[in-house]
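The block underneath contains the structure these notes are about, expressed in structure tokens.
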Amino acid sequence: IAISSIYFILMVTFGSWAMYKPISLMGHHSRDGWITWGLVIVTSTATLYFSVYQIYLMGVNEVSLSQRVTSLSSLAGLGVFLAVNSIAPTLFNIVAVYQLIAVANALWLMRLAFTIRNGFLKEGHGAKFKKHLFRLVWDSAWKNGVTTVISNIIRHASRIIGAHIVSPVA
């Protein structure tokens, strides 16, 4: 929760500050830009928070399962994107598709994390600290955790830079 909270605060403050110019260039559509940016902040924070379950899956050597779920989510997202893009291609709708697919993927991985290994994760759920669970996933978890945080920062930083370079379509 702590990392997700820090990420949320950084996105609200520095991310919004960085998005001010590109969104203000949208003119009378700037309200839509801020609503869309708010959606990005909320959903990316949720995705970061739920990424702990993907890290758990990787830590218990369920990498292929995690990758299959992510691939299927991406494929479903592409189909939904194509449908939305042909029916109602607004900035909000297109961003919402991508963000909601990311959250759906994270929730699907969470569900799987609780069901594999005969519900092993359920045993540790709600407890302060389970040393055997920690030892089981630590080797993979710290690497994946750092990679996830860095990946989110790079992804959003590149989008913010791109928003400053490309003028918005009104």
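In this text the structure is predicted, and so the values were computed from the model without any measurement.
Residues satisfying the side-chain hydrogen bond (donor to acceptor under 3.5 Å, both in side chains) criterion with Asn85, sequence neighbours excluded, are absent altogether. Taking Leu107 as the reference, Phe50, Val103, Met110 meet the side chain to side chain contact (heavy atoms under 4.5 Å, CB included) condition, with sequence neighbours excluded. Not a single side chain to side chain contact (heavy atoms under 4.5 Å, CB included) links Val42 to another residue, sequence neighbours left out. For Val95, the side chain to side chain contact (heavy atoms under 4.5 Å, CB included) criterion is met by Thr36, Val40, Leu91, Gln99, not counting sequence neighbours. Residues passing the side chain to side chain contact (heavy atoms under 4.5 Å, CB included) test with Ser16, sequence neighbours excluded: Trp34, Trp37, Ile41. Qualifying side-chain hydrogen bond (donor to acceptor under 3.5 Å, both in side chains) partners for Ser73, counting only residues two or more places apart in sequence or in other chains: Asn105. With sequence neighbours excluded, the residues that form a side-chain hydrogen bond (donor to acceptor under 3.5 Å, both in side chains) with Thr90 are Asn93.
Looking at Thr115 and Leu112, their side chains come closer than 4.5 Å, going by heavy atoms from C-beta outward.
Residue pairs meeting the ring pair (Phe, Tyr, Trp, His ring centres under 6.0 Å) criterion with at least one member in residues 73-102, sequence neighbours excluded: Phe81-Tyr98.
Using a 3.5 Å distance cut-off with no hydrogens or angles, the side chains of Ser44 and Tyr7 do pair a donor with an acceptor.
Cluster partners of Ile87, using a side-chain heavy-atom cutoff of under 4.5 Å among ILVMFWY residues and allowing indirect links: none.
Panel note: side chain Ser51, backbone Leu48; a donor-acceptor pair is recorded below 3.5 Å.
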